[in-house]
Amino acid sequence: MRIFSGIRASGDKTLGNYSGGYRQYRATQEQGEGVFCIVDLHSITTAYEPEGLHEATLAGAAMLFATGIDPERSIVFAQSHVKAHAEAAWLLSAVTSFGELRRMTQFKDKSAEQEFVSAGLFTYPVLMAGDILLYQTDIVPIGDDQRQHLELTRDIAERFNSRYGTTFTVPQGVYPEEGARIKNLQEPERLMSTSAGNPQGVVRIVDEPDIIRKKFKTAVTDSEREIRHDPVAKPGISNLIEIMSVAVGKSVDAIERRYADDAGYGPFKEDVGEAIVALFDPIQDRYRALRADEGALRKLLSDGAERAREAAAPTLAAMYERMGFVRLS
Ligand code: AQP
C-alpha cells in the first residue's frame with residue numbers, strides 16, 4: 001500500500017499540524033510504503049520571504065524525522081527537488097475546471113486574507129492532485145481542512161482515467177477520528193493555523209514548555225464557572241478535550257468521564273498544557289539534534305529526492321504518452 005502526504009514549508013508547525021499531519025504520518029508509515037513531502041512549491045502561493053522559505057524547508061524536513069518518520073522505511077523529500085510535480089500539475093490542469101477551483105473554500109478563505117492573490121493560490125489544488133497521483137497513492141493521511149482538495153483530486157484522477165485510459169490509483173483520504181480540526185485556543189471558532197489567527201492561541205511544536213503552559217492556562221473556555229454539559233455549544237472546552245485526547249491517546253468520552261466531576265476548568269487546562277509539554281518534549285530534543293547537523297539533513301533530503309524521482313517517473317511518462325505528446329527515446 002502506498003501512502004502519500006505533503007506538508008507546507010511555512011513557519012513553525014503547530015499542534016494542529018501534529019494532530020492532522022505528523023501523528024498520522026507516523027501511524028500510517030507502519031501500513032505500507034510512505035512518501036512524505038515538504039511541499040515547498042505550495043509555499044510560494046501566499047506572501048512569503050525567500051529566507052523564510054529556505055529555513056522552513058529544512059525545518060519541515062527535520063520535523064518529519066523528529067516526529068517519527070523513518071528515512072530507511074519512508075521516502076522523505078522536498079517537492080521542488082522532483083520536477084515531476086510541477087509538470088504533473090500543468091498536465092492535470094487540462095482536466096480541472098475553472099468552476100471546480102473557484103468553489104474551493106480554502107481559496108476563498110485565503111484569498112480574502114491576501115493583499116495580492118496569486119494565480120498559484122487558485123491552482124494550488126491541481127499541484128496537490130499531482131503530488132498525490134504521481135505516486136499511485138492508496139491513502140492520504142490529512143486533516144479535515146484538506147478534505148475538499150482530496151475530493152477534487154479523486155475527481156481529477158477519475159476524469160483523467162476515463163478520458164485517457166486508466167493511469168492513476170484513485171486515493172482515499174484518511175482523517176483522524178479525533179483531532180482532525182484543532183482550533184485556535186483564543187479563537188475556538190477558527191482552525192489553529194501556522195500563518196493566521198491570534199498567535200497566543202497557536203501552540204507551536206517548538207514552543208518552550210513555559211510558553212505552552214501559558215497558552216493553555218489562558219485558553220478561552222466559554223464560561224469559566226460553568227461545568228460542561230453540552231460540549232457542542234462550548235467550542236473552547238470541546239477543543240481542549242479533543243487536544244487532551246490527542247495528547248494521551250484516549251477517547252474524548254474517556255477524557256470527559258475523567259473530568260466530569262471537577263468543579264472548574266482551571267486544573268483541566270493545566271493538565272492539558274502538561275500533557276502537550278510531555279508529548280512535545282522528546283520531539284523537540286530530536287528536532288534540535290537534527291537541526292544541528294545541516295549536512296546530514298541535506299543528505300537525507302537528497303537521498304529522498306532520488307527515490308521520489310524514480311517512483312514518480314513511470315506515472316509522469318504514462319501521462320505524457322496517453323495525452324498524445326511526442327516522446328523522444
Ligand atoms: N488545525 C488543524 N487541525 C488538524 N489538522 C490540521 N492541519 C493543518 N491545520 C490543522 C493538517 O496539517 C497537515 C499539513 O498542513 P499544511 O502545512 O499543508 O497546511 P495547511 O493545511 O494550510 O495548514 P496550516 O498549518 O495552517 O498552514 P498555512 O498557515 O501555511 O496554510 C494537513 O494534513 C492539514 O490538514
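Small disclaimer: the values here were computed from a predicted structure and weren't measured. Computed from heavy atoms alone, side chains included, the values below leave out hydrogens, waters and symmetry copies. Read the numbers this way: they start at 1 and go in the same order the structure lists the ligands and their atoms.
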Colleague: Who else is in Leu127's hydrophobic cluster (ILVMFWY, side-chain heavy atoms under 4.5 Å, direct or via others)?
Modeller: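 Grouped by the 4.5 Å side-chain rule, Leu41 form the rest of the cluster around Leu127.
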Colleague: Do Pro71 and Val76 have side chains that approach each other closer than 4.5 Å (heavy atoms only, starting at C-beta)?
Modeller: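 A side-chain contact is absent here, since even the closest heavy-atom pair is not under 4.5 Å.
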Colleague: Answer yes or no for Arg307 and Phe77: cation-pi contact, defined as NZ/CZ to six-membered ring centre under 6.0 Å and angle to ring axis within 45°.
Modeller: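 No, cation not above the ring by the 6.0 Å, 45° rule.
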Colleague: Going by an N to O cut-off under 4.0 Å, is there a salt bridge joining Arg309 and Glu306?
Modeller: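 No, no charged N to carboxylate O under 4.0 Å.
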Colleague: Taking the side chain from Thr45 and the backbone from His42, do they hold a donor-acceptor pair closer than 3.5 Å?
Modeller: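 Yes; at least one donor-acceptor contact below 3.5 Å.
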Colleague: Any protein N/O atoms within less than 3.5 Å of an N/O atom in ligand 1? List the atom names and distances, or say none.
Modeller:
from, atom 1, to, atom 2, distance (Å)
ligand 1, 1 (N), Ile182, O, 2.8
ligand 1, 1 (N), Met192, O, 3.0
ligand 1, 3 (N), Ile182, N, 2.9
ligand 1, 5 (N), Gly16, O, 3.0
ligand 1, 12 (O), Asn17, ND2, 3.2
ligand 1, 15 (O), Asn17, ND2, 3.3
ligand 1, 17 (O), Arg8, N, 3.1
ligand 1, 17 (O), Lys13, NZ, 2.7
ligand 1, 18 (O), Arg8, N, 3.3
ligand 1, 21 (O), Asp145, OD2, 2.7
ligand 1, 21 (O), Gln146, NE2, 3.1
ligand 1, 22 (O), Lys110, NZ, 3.3
ligand 1, 25 (O), Asn17, OD1, 3.2
ligand 1, 25 (O), Asn17, ND2, 2.8
ligand 1, 25 (O), Thr194, OG1, 2.4
ligand 1, 26 (O), Ser193, OG, 3.0
ligand 1, 26 (O), Thr194, N, 3.1
ligand 1, 27 (O), Thr194, OG1, 3.3
ligand 1, 29 (O), Ser193, OG, 3.1
ligand 1, 29 (O), Ser195, N, 3.0
ligand 1, 29 (O), Ser195, OG, 2.4
ligand 1, 30 (O), Arg8, NE, 3.0
ligand 1, 30 (O), Arg8, NH2, 3.1
ligand 1, 30 (O), Ser10, OG, 2.9
ligand 1, 31 (O), Lys110, NZ, 2.3
ligand 1, 33 (O), Gly143, N, 3.2
ligand 1, 35 (O), Gly143, N, 2.9
ligand 1, 35 (O), Asp145, OD1, 2.5

Colleague: How close do Arg163 and Ala94 get, counting heavy atoms only, and between which atoms?
Modeller: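 Answer, listing the atom of Arg163 first, then Ala94: NH1-O, 4.0 Å.
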